[in-house]
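The structure appears below as structure tokens.
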Amino acid sequence: MIEQMHEVQAKLDLLVGALDGHDAGAIVSATEDLATAVILFRGAGVPAGSEMQARALIGKTLGKLEAAAIRINVLKNWTRQRIDMNHAIRGTQPRGPALTY
């Protein structure tokens, strides 16, 4: 379980880096890799005697998940602003749910 938790953290680091780099392909790839790591983590058990280490790693992972969520929200907001700016430049209006979040 500890090894799988380290793998989840490594994949989270890759996702945060991809989000910071604004690279859509890297974001998709990192998200898929993270999903795989989480699936493997869910199937792992906590070895006897390592409960405290597991709790510490889970706390650290939750912090990284929050960092990724913040970046996603910022990117979503920037994208929304760009879409709105493009509409303002063209003098058009959004045409429904397909162009909104």
Side-chain angles (χ1 to χ4, degrees):
M1 180 275 199
I2 302 300
E3 181 180 321
Q4 288 85 358
M5 180 59 79
H6 285 296
E7 185 68 18
V8 167
Q9 288 191 16
K11 299 303 180 185
L12 270 170
D13 289 338
L14 290 175
L15 177 59
V16 169
L19 290 166
D20 286 345
H22 305 273
D23 182 352
I27 292 170
V28 170
S29 177
T31 301
E32 291 170 352
D33 291 345
L34 176 60
T36 301
V38 168
I39 289 168
L40 294 174
F41 167 70
R42 283 183 173 176
V46 177
S50 65
E51 292 85 3
M52 293 304 291
Q53 183 183 9
R55 284 182 194 208
L57 287 171
I58 289 170
K60 186 176 177 183
T61 301
L62 289 175
K64 289 182 180 187
L65 284 171
E66 185 176 348
I70 289 168
R71 285 167 170 83
I72 289 168
N73 287 333
V74 167
L75 286 175
K76 181 177 77 169
N77 187 36
W78 286 349
T79 302
R80 178 77 259 157
Q81 289 174 2
R82 286 186 206 144
I83 290 169
D84 291 344
M85 246 186 333
N86 285 334
H87 282 295
I89 290 168
R90 288 191 226 133
T92 61
Q93 294 296 321
R95 295 185 184 157
L99 296 176
T100 62
Y101 291 98

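Model, not experiment: these values are computed from the prediction.
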Which atom names give the shortest non-hydrogen contact between Thr61 and Val8, and what distance separates them? CG2-CG1, 4.0 Å
Does the pair Leu57 and His6 meet the rule for a side chain to side chain contact (heavy atoms under 4.5 Å, CB included), with working shown? CA-CA 8 Å; Leu57 287 171; His6 285 296; 3.7 Å; yes
Just verifying a value: how many Å separate [X] [atom1] and [Y] [atom2], rounded to the nearest 0.5 Å?
{"X": "Thr31", "Y": "Lys11", "atom1": "OG1", "atom2": "NZ", "value": "12.0 Å"}
{"X": "Ile89", "Y": "Arg82", "atom1": "CD1", "atom2": "CZ", "value": "12.5 Å"}
{"X": "Glu66", "Y": "Arg71", "atom1": "CD", "atom2": "CZ", "value": "11.0 Å"}
{"X": "Ile58", "Y": "Gln9", "atom1": "CD1", "atom2": "CD", "value": "10.0 Å"}

Would a hydrophobic clustering, with Ile, Leu, Val, Met, Phe, Trp and Tyr connected at side-chain separations under 4.5 Å, put Leu14 with Leu75? no
Assigning hydrophobic clusters by single linkage (Ile, Leu, Val, Met, Phe, Trp, Tyr; side-chain heavy-atom cutoff under 4.5 Å), is Trp78 placed with Leu15? yes
Mind checking what makes side chain to side chain contact (heavy atoms under 4.5 Å, CB included) contact with Ile39, not counting sequence neighbours? none
Per side chain to side chain contact (heavy atoms under 4.5 Å, CB included), Ile72 is matched among Leu19, Val16, Ile27 by Leu19
Side-chain contact, heavy-atom cut-off 4.5 Å: Leu40 with Glu7? no
Does the side chain of Met5 reach to within under 4.5 Å of the side chain of Phe41, using non-hydrogen atoms? yes
CD of Gln81: more than 12 outside heavy atoms within 6.0 angstrom? yes
